[in-house]
Each structure stands twice: as structure tokens, then as C-alpha cells.
Amino acid sequence: MEVKCLLLLALFLLLGTHGGEAQPLVPAVLTFGDSSVDVGNNDYLHTIIKANFPPYGRDFKNQVATGRFCNGKLATDITAETLGFESYAPAYLSPEASGKNLLIGANFASAGSGYYDHTALLYHAIPLSQQLEYFKEYQSKLAAVSGSSQAQSIINGSLYIISAGASDFVQNYYINPFLFKTQTADQFSDRLVSIFRNTVAQLYGMGARRIGVTSLPPLGCLPAAITLFGHGSSGCVSRLNSDAKNFNRKMNYTVDSLSKTYSDLKIAVFDIYTPLYDLVTSPQSQGFTEARRGCCGTGTVETTVLLCNPKSIGTCPNATTYVFWDAVHPSEAANQVLADSLLAEGINLVT
């Protein structure tokens with residue numbers, strides 16, 4: 001907590017002022033990835049991977065289910081607020097993604113997507129390659145709104161967030177014999193990290209200079225993963241956690257390599273594995289009481305419209321002491337803990 005206070009003080013001192021109003025530390029936030037950061041793009045797709053209905057969003061502003069896979073704010077929402085933004089960058093497919101709203105960025109993420117395009121195609125989500133195409137389109141729209149010079153300044157100064165990979169494993173590799181029978185988890189990780197490296201190269205070529213990428217979470221501790229792959233045990237599935245840690249090691253190595261390749265690129269890994277694992281294995285130490293199941297329904301398999309919906313029986317009345325909202329996604333309270341970690345590891349990206 002003391003470290004967080006010092007970081008917040010540092011950010012407060014860094015926030016510039018203009019006309020008496022504090023200015024965000026970066027001009028805009030541009031987000032790519034999966035359901036961990038999707039703010040509503042899937043609302044506009046023909047997919048079952050949606051969250052634009054209760055009880056999702058019940059603790060969000062005005063109790064609106066925006067399409068966020070949470071009871072309230074995502075970790076990236078909280079991060080944007082900490083950076084000084086008073087509103088969130090809109091989902092790119094939404095009507096709000098137009099005019100001056102584009103000046104603070106856009107969110108291209110899509111639940112069910114991943115680094116591997118075939119993961120997204122399985123769930124009719126937006127593949128990462130298409131998210132990059134939408135970003136190109138966004139740049140043209142931004143230039144039309146702000147002028148090419150200011151648009152370039154926004155593109156170069158913005159914070160880019162990439163959060164993907166979990167769906168590639170949990171919703172594809174582990175359940176897809178065409179993958180797990182033809183390659184090891186280590187080989188699949190190599191494929192994903194190679195796609196990540198190429199994605200960063202493309203973003204850099206389009207003007208990105210500040211990129212934060214999340215690590216994989218402890219996949220074996222997600223309630224749905226314990227239900228599906230735990231063979232009746234109530235503890236984290238060590239094989240899945242081992243795969244996640246192996247992937248994260250490769251990601252860290254690749255980010256170090258990229259920072260050497262592009263001398264003017266600020267890039268960092270946001271470690272969400274450690275804080276989420278600590279929450280799951282020692283919830284009481286941080287004020288949580290339930291880490292084995294999510295708040296929605298039974299909390300063991302529920303996610304998206306399939307089982308977490310207005311008719312779900314057993315949904316908890318108060319999610320603030322639950323680590324997970326549904327069987328895959330953290331609660332707003334847990335996202336606050338993750339956002340604190342993002343702040344600590346990403347401060348160099350915005351200073």
C-alpha cells in the first residue's frame with residue numbers, strides 16, 4: 001500500500017496542468033486483445049461471447065452492462081482513470097467511436113480473440129490481425145478529426161495495451177485435438193510469442209512508441225479451468241500454471257529483445273500472473289473471502305451468455321469479496337489489485 005501511495009503521488013506530480021485542468025499523462029489509450037480488455041466490441045458481432053446483459057455491469061456506472069466481462073470496471077479502466085482520463089476510450093465498433101471521442105483513443109479488443117487468429121474465428125470474434133486493420137482505419141479517422149499533425153502526435157504519444165493469450169490456451173489449445181495432438185504447449189507458446197513479436201513490429205511501424213503487454217494469468221487457477229481440467233480437485237491445475245509461466249518467460253525474453261531492436265520504443269510486460277496467483281492462494285490477506293468460484297451462478301463454469309445471465313441461480317449479492325466475477329474473469333475488486341500492479345510496472349511507459 002505504501003508503494004502504491006508513492007506511485008500515485010509521483011503520477012499526481014507528473015500530471016501537467018493546462019488552463020487549470022489536469023491533463024492525462026498520455027494523449028490516448030489504444031487497446032488490443034481479448035475479453036480481459038473488451039469494452040463492448042462483441043456487442044456488435046454475431047457471437048455467443050457477449051456480456052451486454054445483467055448481471056454483467058451491475059456495479060458499473062448506472063448499472064449498465066456495456067459488454068465488459070465484469071461486474072464493474074476492468075483493470076484497464078482503472079488504469080485509464082489513474083492516468084488522468086475522465087472517460088474511457090470507446091469500443092471501436094460502437095457508435096461512440098466517432099468525432100472527438102476518438103481523440104482519447106479506441107478499444108479494438110474482442111472477447112474470444114487471441115494472438116492466434118484461428119482462436120477468434122472459432123468464436124466469431126475479431127482476430128488480432130483485423131484489430132490491427134481497424135487501427136489503421138482509426139488513424140485515418142483521427143487525422144480527419146484532428147488534422148494530420150496532431151493525429152501523428154497522438155499516435156506517437158499514446159499508450160498501447162495488448163492483453164491476449166489466455167483464450168488461445170483455455171478456449172482453443174487445451175480443448176482442440178488438432179492443436180494439442182500435433183504440438184506441445186511449449187511449441188504453441190513459441191507460435192503465439194512469434195505472433196506477438198510481429199504485432200509489436202507492425203504497431204511500431206504505424207507509430208506506436210509506448211506498449212504494455214500483459215502476461216498470462218495463472219490459467220490453472222481460473223474456476224472454469226479447475227472445473228474442466230482439475231479431475232475433481234479444488235486446487236489450481238499445476239500443468240496449466242506451468243504452461244502459463246513458460247509462456248511468460250518467453251514473453252519477457254521477447255520484450256527485452258524488442259526493446260534492444262527498437263531503441264526509441266518503451267515496452268514493458270505487465271505481470272498479472274503474480275498478483276492474481278497471490279489473490280487466489282491467499283485471498284484473506286487482501287480482504288477477499290472466495291477465490292475458488294466466481295460470483296455469478298455456481299461460479300464454477302459460468303461465463304458469457306451460456307451460463308452467466310439474468311436467470312443464473314446462486315449469483316452472490318456482493319462481489320467485493322470475490323476474486324472472480326464469473327468462472328474466468330476477475331471481479332472489479334480483484335481488477336483494482338491488478339491495476340495497482342499495472343501502475344507499478346508501467347510507470348516508465350508514461351514518464
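Just so you know, residue 1 is the first one in the sequence shown, and it goes up from there. A quick note: this is a predicted structure, and the numbers were derived from the prediction, not measured.
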Are [X] and [Y] close enough that some pair of their side-chain heavy atoms sits under 4.5 Å apart?
X	Y	answer
L343	T79	no
F135	Y160	yes
H329	F324	no
N252	R249	no
T76	Y88	no
S312	N309	yes
P275	L338	yes

Just checking, is any N or O donor in the side chain of [X] or [Y] under 3.5 Å from an acceptor N or O on the other one?
X	Y	result
T184	D186	no
S167	T119	no
N41	S110	no
S282	S285	yes
Y173	D243	no
K245	Y277	no

* To do: Test disulfide (SG to SG under 2.5 Å) on C295 and C316 and set out the steps.
  => CA-CA 5 Å; C295 169; C316 76; 2.0 Å; yes

Could you tell me how the ring of F188 sits relative to the ring of F169: parallel (under 30°), tilted (30 to 60°) or perpendicular (over 60°)?
perpendicular

### Query
Using the ring of each side chain (for Trp, its six-membered ring), is F53 parallel, tilted or perpendicular to Y56, with breaks at 30° and 60°?
perpendicular

Run the side chain to side chain contact (heavy atoms under 4.5 Å, CB included) test on Y204 and I211 for me, step by step, so that the C-alpha distance in whole Å, both residues' side-chain angles and the decisive distance to 0.1 Å come before the verdict. CA-CA 9 Å; Y204 181 87; I211 301 175; 5.6 Å; no

Problem - Pair D77 + R68: basic N to acidic O under 4.0 Å - result: yes

Could you check Y44 against N52 for side-chain hydrogen bond (donor to acceptor under 3.5 Å, both in side chains), going step by step and ending with a plain yes or no? CA-CA 10 Å; Y44 304 92; N52 58 340; over 6 Å; no

